[in-house]
Amino acid sequence: KTSCSKKTAESESNSCSKDSANQNTRVERSGFFQALLTAWDQDEDAQADPAAYGDPEDDVGVRIRRARVGGAMDLGSGWSSEVVLGVSSPYDSLSEPDTHAGLIDAAVHYEGDKLSLSVGQQKVPYSRDQLTSVRDLAFAERAISTAHLVPDRETGVKAGYAMGSLNMHVGLFNGNGAFTGDDNDGFLVAGRIDYSTQPDHGFRTRGAVDGTVIAPAVNVYWDDGLST
């Protein structure tokens, strides 16, 4: 049996789920596409358009910023898995010019009443700006400091513990940003504690809420891999 739901105010993409005959496995497909349009550029001349943080140096035209396609499978008993493929263009002119399609997320998750566990390529538990999906941000892009100073997706293990509105996460990651292979002997360790008066809206910047949302957090990471 297959069921589909159309895009709603809380979801940027259509999703479908397929239940197996024994009702123990459910597959959900997802997709996301984001394009940026530059209608006017006053500094197209290379001499007047130096590389700068936050400046993508886009000329007049359309650029594909992000494209994602993937799926998640409910394995039962709190276990699930996800695989997401995609392509992205650079954040700005100082970012690495990698525009090849590749693996975005590939992880196995466990979600219990209080404990959670994730193994695979995933986001490092650091910075609400980075952890929030770009579909739920108030602006089209994240902050410059997030793009250049905050770790993105890494391969590793992450554990979490929830106590009502209080959540704690700690993770050990490869630290080199690659899903396969390792170019150094170092690791990345990250930890985060966050609280939200409305847990369902702690990682959203829009949508209807019942009252004021207060969501403070403390996070730290240490990467002993290769420096620049």
For the atom pair [atom1] ([X]) and [atom2] ([Y]), what is the distance rounded to the nearest 0.5 Å?
X    : Y    : atom1 : atom2 : value
R128 : N219 : CZ    : CG    : 9.0 Å
I104 : S88  : CD1   : OG    : 5.0 Å
H148 : T146 : NE2   : OG1   : 10.5 Å
R68  : L85  : CZ    : CG    : 10.0 Å
N174 : L188 : CG    : CG    : 9.5 Å
T132 : R142 : OG1   : CZ    : 7.5 Å

Minimum heavy-atom separation for [X] and [Y], please, with both atom names.
X    : Y    : value
M73  : V27  : CE-CG2, 3.8 Å
E111 : S116 : OE1-CB, 3.7 Å
Y126 : P151 : CD2-CD, 4.3 Å
Q121 : T155 : OE1-OG1, 3.6 Å
L131 : K123 : O-NZ, 3.7 Å

Do the non-hydrogen side-chain atoms of [X] and [Y] ever get within less than 4.5 Å of each other?
X    : Y    : value
E141 : L36  : yes
R65  : P56  : no
Q122 : F173 : yes
Y195 : I214 : no
D105 : R153 : yes
V84  : F32  : no

Checking the side chain of [X] only, and the main-chain atoms of [Y] only, is there a donor and an acceptor separated by less than 3.5 Å?
X    : Y    : result
R66  : Q34  : no
D224 : F187 : yes
E154 : G175 : yes
E82  : A106 : no
D194 : A217 : no
R26  : L75  : no
D129 : A143 : yes
S118 : K158 : no

| request: Quick one: sort the W79 and Y110 rings into parallel, tilted or perpendicular, breaks at 30° and 60°. | output: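 The rings of W79 and Y110 sit tilted, inter-plane angle from 30° to 60°.
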Residues 161-169 side chain polar contacts: donor-acceptor under 3.5 Å, at least two apart:
unit_1: S165; atom_1: OG; unit_2: S196; atom_2: O; d: 3.3

Check for me, please, whether [X] and [Y] land in the same ILVMFWY cluster - side-chain distances under 4.5 Å, paths through other members count.
X    : Y    : answer
I144 : L94  : yes
Y221 : L149 : no
W222 : L172 : no
V124 : V150 : yes

